[in-house]
Amino acid sequence: MADPDRVAVVTGASSGIGEATARGLVGAGFSVVLGARRQDRLMAVAQELGGRGLPLDVRDRASIQAFVDAVAAEYGQVEILVNNAGLAAGLAPLADGSDDDWVQMMETNVLGLLRMTKAMLPLLRRAPRAHIVNLGSVAGFEVYNGGVGYTASKHAVRAITRTLRLELMGEPIRVTEIEPGMVETEFSLVRFKGDRERAAAVYQGMQPLTGTDVADCIVWVVTRPPNVNVDELVLRPIAQASTRDVARRS
Ligand code: NAP
C-alpha cells in the first residue's frame with residue numbers, strides 16, 4: 001500500500017531504468033510521481049503502478065517549473081528524487097561529432113539534472129528526510145572511442161553529485177550516484193536514432209543488465225537506515241570489465 005506521506009519522483013520514467021525504478025519504489029511503499037515527454041507511454045506506466053504521471057521535459061525550464069509546481073500543489077513535500085532522465089546520442093569520434101547531439105546530451109544529462117535538482121530542493125527540504133539519486137554511469141569515470149559527448153556529460157553528473165553532497169552536508173538529505181555498465185533498455189535505440197540492428201548488436205553475445213537490476217540497487221540504496229549514505233554504487237554485467245572490454249560468445 002503506497003504511503004501518501006512518502007513521495008518519490010522519478011524523471012524519465014516512461015521506459016527502461018526509470019520505469020523499473022518507479023515500479024520498485026511502489027513495491028517499497030512509496031507514492032510515485034513519474035515524469036517524461038512521451039505521454040502515452042508515461043500514463044500507461046503511471047496507471048499500471050497507481051502512480052501520478054506528469055509531463056516533463058528536463059531540457060525546458062518552463063516544463064520543469066510546471067512539473068514541480070504540480071507536485072508541490074498535490075503533495076507538498078518529496079522524500080526521493082531520482083534524476084534518471086538522460087540519453088546518449090551518436091557514437092562518432094570528436095572530429096565528426098554532431099553539434100546537435102552534444103547540445104542534446106548536455107542539456108538533458110547535465111543542465112536538466114542541475115535545474116531539476118534546484119527546482120526540487122525546496123520540496124525535498126520540507127520532508128523530514130530526503131534522498132537525491134542521480135543516474136551516472138561507468139562512463140562517468142571511464143571513456144571510450146566515440147563516447148566523448150556522453151562520457152563528458154556523465155563525468156559532469158559525477159562532479160555535480162559530489163558537490164551536492166558537500167553542500168547539503170548537515171541536512172537530512174542523502175545524495176547517491178548509481179553508475180551502471182551496459183543495461184538493455186531503449187538506450188541504444190535512442191543513441192542510434194531508431195536503428196534496431198545497430199542497437200541489438202551492442203548486446204550481441206553477452207547478457208546485459210536489465211532496468212530491474214538497476215532499480216533493485218536504487219531501492220536498496222534508498223531503504224538503508226537514514227544515517228547510511230551510499231555515495232556511489234557501480235554495477236556491471238559480469239561479462240563487462242570496462243566500457244571497452246566485453247566478453248562475447250561467438
Ligand atoms: P531509456 O530506456 O532510453 O530511458 C530514458 C528515459 O529518459 C526515458 O523515459 C525518456 O523518456 C527520458 N528522457 C529523455 N530525455 C528526456 C527529457 N528531455 N525530459 C524528460 N525525460 C527524458 O534509457 P535508460 O537506459 O533507461 O536510461 C536511463 C538513465 O540511465 C540515463 O540517464 C542513462 O544515461 C543512464 N544509463 C544507462 C545505461 C544503459 O546502458 N542503458 C548505462 C548507464 C547509465 P521520454 O523520451 O518519454 O521523455
Side-chain angles (χ1 to χ4, degrees), residues 9-24 33-46 53-68 81-89 91 101 103-116 119 133-142 144 147 149-158 160-161 177-194 199 202-203 206-215 217-218 232-237 239-240 242-243 246:
V9 168
V10 182
T11 71
S14 58
S15 64
I17 296 169
E19 176 184 344
T21 300
R23 184 167 290 114
V33 183
L34 301 83
R37 296 165 304 174
R38 290 170 297 175
Q39 292 310 287
D40 48 342
R41 296 278 300 266
L42 184 73
M43 294 310 167
V45 177
L54 291 170
L56 174 67
D57 181 350
V58 299
R59 295 178 73 186
D60 176 348
R61 280 186 252 190
S63 171
I64 290 178
Q65 200 52 55
F67 178 91
V68 173
L81 168 63
V82 183
N83 278 315
N84 166 77
L87 81 165
L91 192 62
D101 285 351
V103 169
Q104 191 184 8
M105 288 187 277
M106 292 301 167
E107 284 188 354
T108 310
N109 302 356
V110 184
L111 286 174
L113 184 143
L114 277 175
R115 289 176 176 149
M116 192 64 202
V133 179
N134 290 337
L135 258 295
S137 167
V138 291
F141 54 87
E142 295 173 4
Y144 54 95
Y150 184 66
T151 56
S153 76
K154 290 299 182 181
H155 275 65
V157 170
R158 197 169 201 219
I160 294 164
T161 310
E177 184 175 358
I178 304 290
E179 295 150 335
M182 297 163 77
V183 191
E184 190 166 11
T185 59
E186 294 177 15
F187 180 83
S188 293
L189 200 58
V190 171
R191 165 168 256 168
F192 298 123
K193 301 172 173 114
V202 172
Y203 312 108
M206 57 88 64
Q207 185 179 0
L209 300 173
T210 65
T212 305
D213 293 328
V214 182
C217 293
I218 294 173
E232 294 177 16
L233 195 155
V234 182
L235 68 154
R236 307 180 203 252
Q240 183 186 23
S242 81
T243 51
V246 180

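Predicted model, so just to flag it, every value in this text is computed and none were measured. Starting from 1, each residue takes its place in the sequence as its number. The figures here come from the full heavy-atom set of this structure, side chains too, leaving out hydrogens, waters and symmetry mates. Start at 1 and go down the list; that is how both ligands and their atoms are numbered.
Considering Leu34, Ile64, Val33 in turn, Ile64 is the only one that fulfils the side chain to side chain contact (heavy atoms under 4.5 Å, CB included) rule with Leu56.
A 4.5 Å side-chain heavy-atom check between Leu135 and Pro180 finds at least one atom pair inside the cut-off. Counting heavy atoms from C-beta on, the side chains of Val58 and Arg115 never come closer than 4.5 Å. Residues Val234 and Phe141 have side chains in contact (heavy-atom distance under 4.5 Å, counting atoms from C-beta outward).
We find that Arg158 and Glu232 are joined by a salt bridge, their nearest charged nitrogen and carboxylate oxygen being less than 4.0 Å apart. No salt bridge links Arg37 with Asp60; every basic N to acidic carboxylate O contact stays at or beyond 4.0 Å.
For ligand 1, the protein residues within 4.0 angstrom (heavy atoms only) are Gly12, Ala13, Ser14, Ser15, Gly16, Ile17, Ala36, Arg37, Arg38, Leu56, Asp57, Val58, Arg59, Asn84, Ala85, Gly86, Thr108, Leu135, Gly136, Ser137, Tyr150, Lys154, Pro180, Gly181, Met182, Val183, Thr185, Glu186, Phe187, Val190.
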